[in-house]
Amino acid sequence: MEFLGRVGKRKIYYLQVRSHPEWANSLPKNDWIAFTIAHKEDEELIPPIVKKCIDKNVSYTCSSGELADLTEDYFDEEVLWRSIDENEFGNNSILITTAHRDFEEGFWFSSAVAHDDKFDLNQVVCIDATKRNTKVLLIKLIEKINKGWLPPESWLSN
């Protein structure tokens, strides 16, 4: 996991799933935000990403990319199955999930807006399942957001 910078009090980390086979060992243990990035060619990676994030007590997920809606659905379904079948979800029984078709808006939301009154969410882990290596774009977005950039208001109507 690579530290990219901060947005306010939040530390932003980057994790490329395809090039790091032991990526799940780097995830925080509690109270963090996952910003996932997946496109059509990455679909097979979504189930293991979802399971590992929930195993590591992710508190909030913001899914982006072409498969944003599908990724959010996987998170919701995994939470449901765990709460019904295994009765193991414990303190994180209400995991907040969102989907963002617009990458920049999704990252802004995860780094500057997402919150939970129960947890101090001060870490965002950008989990990149793509072959596109979005790290450079994320670094530029951190700079833009720290300079006051906001996504276009059109995101409110989606």
Side-chain angles (χ1 to χ4, degrees), residues 1-20 23-39 42 45-46 49-79 89 91-158:
M1 193 162 65
E2 182 179 348
F3 178 72
L4 297 183
R6 292 179 182 263
V7 173
K9 295 187 311 183
R10 290 202 173 137
K11 295 177 183 175
I12 311 298
Y13 296 95
Y14 177 77
L15 190 54
Q16 179 27 266
V17 172
R18 289 182 178 275
S19 61
H20 293 91
W23 63 269
N25 294 333
S26 300
L27 296 174
K29 294 181 182 173
N30 289 304
D31 308 335
W32 56 285
I33 299 169
F35 177 67
T36 59
I37 309 139
H39 297 304
D42 311 314
L45 296 173
I46 294 173
I49 288 171
V50 166
K51 289 177 183 189
K52 293 297 184 182
C53 286
I54 292 175
D55 288 347
K56 294 286 193 146
N57 299 309
V58 65
S59 297
Y60 208 116
T61 69
C62 300
S63 303
S64 71
E66 294 167 359
L67 297 181
D69 293 326
L70 181 66
T71 306
E72 182 185 24
D73 290 345
Y74 268 99
F75 273 108
D76 291 340
E77 288 175 12
E78 184 68 17
V79 168
F89 209 61
N91 293 336
N92 279 353
S93 60
I94 301 176
L95 170 66
I96 301 168
T97 63
T98 62
H100 307 268
R101 289 190 187 111
D102 181 272
F103 177 83
E104 290 184 348
E105 181 271 321
F107 179 70
W108 168 79
F109 186 87
S110 67
S111 64
V113 177
H115 75 280
D116 187 326
D117 293 336
K118 294 180 187 177
F119 306 106
D120 184 19
L121 303 176
N122 59 10
Q123 295 181 82
V124 177
V125 180
C126 303
I127 303 171
D128 188 357
T130 72
K131 296 175 183 175
R132 302 172 191 184
N133 194 341
T134 60
K135 181 172 78 169
V136 173
L137 180 55
L138 290 165
I139 291 168
K140 290 178 183 177
L141 281 171
I142 290 169
E143 292 173 17
K144 282 173 57 173
I145 293 167
N146 284 330
K147 290 180 181 176
W149 176 84
L150 297 172
E153 290 185 30
S154 61
W155 75 274
L156 291 170
S157 62
N158 289 340

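- For the side chain to side chain donor-acceptor pair (under 3.5 Å) condition, no pair includes a residue of residues 139-150, sequence neighbours left out.
- Summarising the geometry, atom OH belonging to Tyr14 is positioned 7.0 Å from atom CG belonging to Leu138; distances are rounded to the nearest 0.5 Å.
- In plain terms, the two heavy atoms of Val58 and Leu95 that are nearest each other are O-CD1, 3.2 Å.
- Shown here for Ala24 and Lys56, the closest heavy-atom pair between the two residues is O-CE, 3.5 Å.
- Every residue two or more places apart in sequence or in another chain that forms a ring-ring contact (aromatic ring centres under 6.0 Å, His included) with Phe107 is listed here: Phe35.
- Lys51 meets the side chain to side chain contact (heavy atoms under 4.5 Å, CB included) test with Glu78, Arg82; sequence neighbours excluded.
- Looking at every heavy atom in both residues, Ala129 comes nearest to Ile49 through CB-CD1, 3.8 Å.
- Residues satisfying the side-chain hydrogen bond (donor to acceptor under 3.5 Å, both in side chains) criterion with Glu72, sequence neighbours excluded, are Thr97.
- Although no hydrogens or angles enter the test, the distance criterion places a donor-acceptor pair under 3.5 Å between the side chain of Asn57 and the main chain of Lys29.
- Remark: Thr71 pairs with no residue by the side-chain hydrogen bond (donor to acceptor under 3.5 Å, both in side chains) rule, at least two apart or across chains.
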* Pair Glu77-Val50, side chain to side chain contact (heavy atoms under 4.5 Å, CB included): steps then yes or no -> CA-CA 10 Å; Glu77 288 175 12; Val50 166; over 6 Å; no
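- With sequence neighbours excluded, the residues forming a side chain to side chain contact (heavy atoms under 4.5 Å, CB included) with Arg6 are Phe3, Lys11, listed by chain and number.
- Pairing each heavy atom of Ala34 with each of Cys53, the nearest pair is CB-SG, 4.3 Å.
- Annotation: side-chain hydrogen bond (donor to acceptor under 3.5 Å, both in side chains) contacts of His39 (sequence neighbours excluded): Arg132.
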* Asked: Are Glu66 and Asp42 close enough, and set up right, to give a side chain to side chain contact (heavy atoms under 4.5 Å, CB included), and what steps lead you there?
  -> CA-CA 10 Å; Glu66 294 167 359; Asp42 311 314; over 6 Å; no
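- Distance check, rounded to the nearest 0.5 Å: CG of Leu67 to OG1 of Thr36 gives 9.5 Å.
- Under a 3.5 Å cut-off, the side chain of Thr98 and the backbone N or O of Thr61 do form a donor-acceptor pair.
- By the side chain to side chain contact (heavy atoms under 4.5 Å, CB included) test, Gln123 is found to be paired with Tyr13, Pro28, Trp32, residues two or more places apart in sequence or in another chain being considered.
- Annotation: side-chain hydrogen bond (donor to acceptor under 3.5 Å, both in side chains) contacts of Asn25 (sequence neighbours excluded): Glu22.
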* **CA sep, side-chain torsions, deciding dist, call: Leu4, Lys135, side chain to side chain contact (heavy atoms under 4.5 Å, CB included)** => CA-CA 8 Å; Leu4 297 183; Lys135 181 172 78 169; 3.7 Å; yes
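- Atom CD1 of Ile127 is separated from atom OG1 of Thr134 by 11.5 Å, given to the nearest 0.5 angstrom.
- Here the side chain of Arg10 pairs no donor or acceptor atom with the backbone of Asn122 at under 3.5 angstrom.
- With sequence neighbours excluded, the residues satisfying side chain to side chain contact (heavy atoms under 4.5 Å, CB included) with Leu15 are Met1, Trp23, Ser26, Leu27, Val125.
- Here the closest non-hydrogen pair linking Ile145 and Ser111 is CD1-OG, 3.6 Å.
- Interatomic distance, Ser59 OG to Asp120 CG, rounded to the nearest 0.5 Å: 10.0 Å.
- Of all the heavy atoms in Ser110 and Val124, the pair that sits closest is O-CG2, 3.5 Å.
- Atoms CH2 and CG, on Trp108 and Leu150 in that order, are 6.0 Å from each other to the nearest 0.5 Å.
- By the salt bridge (charged side-chain N to carboxylate O under 4.0 Å, His left out) test, Asp69 pairs with Arg101, sequence neighbours left out.
- Atom CG of Asp128 sits about 11.0 Å away from atom NE2 of His20, to the nearest 0.5 Å.
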